[in-house]
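Reading through the structure tokens given below for one structure.
Not measured: the values here are computed from a predicted model.
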Amino acid sequence: MSEPLIDPAVTPDEIAFEGALRPTSLAEFVGQPKVRGQLEVLLQAARMQERAPDHILLAGPPGLGKTTLAMIIGQETGRPIRFSSGPAIQHAGDLAAVLSALVPGEVLFIDEIHRMARSAEEMLYLAMEDFRIDIMVGKGAGAASIPLELAPFTLVGATTRSGMLPAPLRDRFGFTAHLEFYETDDLERVLGRSARLMELDLETAALAELASRSRGTPRIANRLLRRVRDWLLVHAGSSDIDGVRAALELYDVDEAGLDRIDRAVLHAIAHRFAGGPVGLSTLAAAVGEEADTIESVVEPFLVREGLIGRTPRGRIATASGMRHARAVARDDTLDGV
Ligand SMILES: Nc1ncnc2c1ncn2[C@@H]1O[C@H](COP(=O)(O)OP(=O)(O)OP(=O)(O)O)[C@@H](O)[C@H]1O
């Protein structure tokens, strides 16, 4: 089981909390200046020509704001938005049902679009290009294809794996927005906004501390903020940097933003495997975690922080990773004294 604190995927109990914190306009959407600027032009041009905006693909790791942006596109264009997702479209018929129910100008958001069935992908090509689909009725020699006109719509697709999308589908999007991990000062602004909405009065230094431990991801920043809020409530603690540090220490998030699993992985590579290289499955067995969690949650962050590296022969700890692992081991020894 992965640690919910560092897993960038949303947990069921967070859905309402996240909904309450979502920015509802491009002006309120913090960070990602490039993508914001690109979308502003695209949406304004469509408004000026009184037409539906081009189809848009939002690509990037989980928790960076793809769903939020899709909802903002709906708001900014004043058009209704309908939600669907790749895993819910397992047959072409599932997609035909969604497409045929669209009203003119509607925004259709398909989350995790790379997980849609292949047969549905093919139907989507035609729908995106010509706003029509061919529905197959009957089987064998009696099968016939009936064309169906669709209302013009804007497709907004979101994917964490744009490389898994077939080129013909990727090419039919007029614009692809690549979301990047957030800079610390942008995360500080995300946290400042969330704290205001949660009526939590945190000092600037406390927000900066929290931002620096949030893995470049607004979802994780908001999640940590929720834990800090609880801590302050229970301890009637000070809303300054010491309060944040105490709360994060309780939840095992260290100064570099590493949590228990990150440290276990780094420690294993550095000490048990003498700095590496070590293969993924061996590493997973050594720390008692799923290989998938290590590969999709832990590793990208440790690589981005320059603490580990990937080589053809396996994972290695970098010099800075070795230093961090030694410091953690030293602290743990002192803790035990
Ligand atoms: N730029 C931003 N400014 C303020 N809050 C943001 C921003 N981006 C994301 N958030 C907040 O982070 C949380 C996660 O965002 P969102 O659900 O849009 O991410 P996502 O990329 O769609 O994730 P997933 O890939 O898991 O669906 C939401 O609560 C949202 O309000």
Side-chain angles (χ1 to χ4, degrees), residues 10 14-86 98-99 101-113 124 127-129 131 150-160 162 165 169-183 185-194 196-197 216-219 221-222:
V10 69
E14 272 177 335
I15 292 172
F17 167 73
E18 285 208 336
L21 297 181
R22 263 184 220 292
T24 54
S25 66
L26 271 182
E28 251 189 293
F29 189 84
V30 175
Q32 309 286 345
K34 186 104 194 167
V35 166
R36 235 174 339 117
Q38 293 166 331
L39 282 175
E40 244 153 30
V41 171
L42 189 144
L43 297 181
Q44 193 174 340
R47 255 196 310 268
M48 289 166 76
Q49 294 180 315
E50 295 178 8
R51 58 169 170 82
D54 292 344
H55 303 303
I56 299 169
L57 181 64
L58 305 171
L64 299 192
K66 296 184 294 299
T67 305
T68 306
L69 275 178
M71 293 170 87
I72 289 176
I73 292 167
Q75 292 272 349
E76 297 265 340
T77 51
R79 290 161 191 272
I81 179 163
R82 188 178 296 254
F83 293 86
S84 187
S85 75
V98 174
L99 291 172
L102 291 173
V103 298
E106 200 160 353
V107 173
L108 171 63
F109 176 55
I110 305 186
D111 202 3
E112 298 187 78
I113 194 166
L124 195 54
M128 290 170 80
E129 217 159 74
F131 300 121
L150 302 174
F153 65 99
T154 296
L155 176 66
V156 179
T159 181
T160 48
S162 58
L165 281 186
L169 180 55
R170 244 188 345 230
D171 294 347
R172 281 171 170 81
F173 286 98
F175 167 62
T176 298
H178 292 279
L179 277 82
E180 308 285 346
F181 285 105
Y182 287 64
E183 301 295 336
D185 52 353
D186 285 336
L187 277 185
E188 204 179 312
R189 286 163 55 217
V190 171
L191 283 162
R193 179 180 171 278
S194 302
R196 261 194 314 283
L197 291 172
T217 307
R219 171 170 293 138
N222 284 339

From CA spacing to verdict: side-chain contact (heavy atoms from CB on, under 4.5 Å), Arg170, Thr176: CA-CA 8 Å; Arg170 244 188 345 230; Thr176 298; 5.6 Å; no
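The side-chain heavy atoms of Phe83 and Asp111, taken from C-beta on, include no pair separated by under 4.5 Å. Side-chain contact between Arg219 and Glu14 is present, with at least one heavy-atom pair separated by less than 4.5 Å. Proximity of Leu57 to Leu165: side-chain heavy atoms (C-beta onward) are separated by under 4.5 Å at one or more points. Side chains of Pro218 and Leu187 form a contact here, defined as non-hydrogen atoms less than 4.5 Å apart. Looking only at side-chain heavy atoms (C-beta outward), Gln32 and Leu179 come within less than 4.5 Å of each other. Annotation: side chain of Thr77 is in contact with side chain of Pro53 (closest heavy-atom distance under 4.5 Å). Looking only at side-chain heavy atoms (C-beta outward), Leu150 and Leu102 stay at 4.5 Å or farther from each other.
For the side chain to side chain contact (heavy atoms under 4.5 Å, CB included) with Phe173, the qualifying choice from Leu58, Leu155, Asp54 is Leu155, the only one to do so.
Pairing each heavy atom of Ile72 with each of Ser25, the nearest pair is CD1-O, 3.5 Å. For the residue pair Gly65 and Phe29, the shortest heavy atom distance occurs at O-CE1, 4.0 Å. Heavy-atom minimum distance, Val35 versus Ala177: CG1-CB, 3.8 Å. For the pair Pro61 and Thr160, the tightest heavy-atom approach, listed with the atom from each and the gap, is C-CG2, 4.1 Å. Taking each heavy atom of Gly216 and Leu64 in turn, the nearest pair found is O-CD2, 3.7 Å. Closest approach of Leu69 and Leu39 over heavy atoms only: CD2-CD1, 3.9 Å.
Residue Ser162 holds its OG atom at 11.0 Å from CG of Leu169, rounded to the nearest 0.5 Å. Rounded to the nearest 0.5 Å, atoms CD (Glu18) and OG1 (Thr68) are 7.5 Å apart. In this structure, CD1 in Ile81 is found 9.0 Å from CD in Gln75, a value given to the nearest 0.5 Å. Of the inter-residue distances, the one linking Glu106 atom CD with Arg79 atom CZ reads 10.5 Å to the nearest 0.5 angstrom. A distance of 11.0 Å separates CG of Leu26 from CD of Gln44, quoted to the nearest 0.5 Å. For the atom pair CG (Leu108) and CG (Leu124), the distance works out to 8.0 Å, reported to the nearest 0.5 Å.
In terms of modelled atom types and a separation under 3.5 Å, the side chain of Arg193 and the main chain of Val30 share no donor-acceptor contact. Proximity of a side-chain donor or acceptor of Glu28 to a complementary backbone N or O of Thr24 within less than 3.5 Å is detected. A donor-acceptor pair under 3.5 Å is absent between the side-chain atoms of Glu76 and the main chain of Leu43, judged by distance alone.
For Arg172, the salt bridge (charged side-chain N to carboxylate O under 4.0 Å, His left out) partners at least two apart in sequence or on another chain are Glu129. Remark: Arg189 pairs with Asp186 by the salt bridge (charged side-chain N to carboxylate O under 4.0 Å, His left out) rule, at least two apart or across chains. Take Glu50 and apply the side chain to side chain donor-acceptor pair (under 3.5 Å) test, not counting sequence neighbours, and it matches no residue.
Ring geometry for Phe131 against Phe153 counts as perpendicular: the plane angle is over 60°, on a 0 to 90° scale with 30° as the lower cut.
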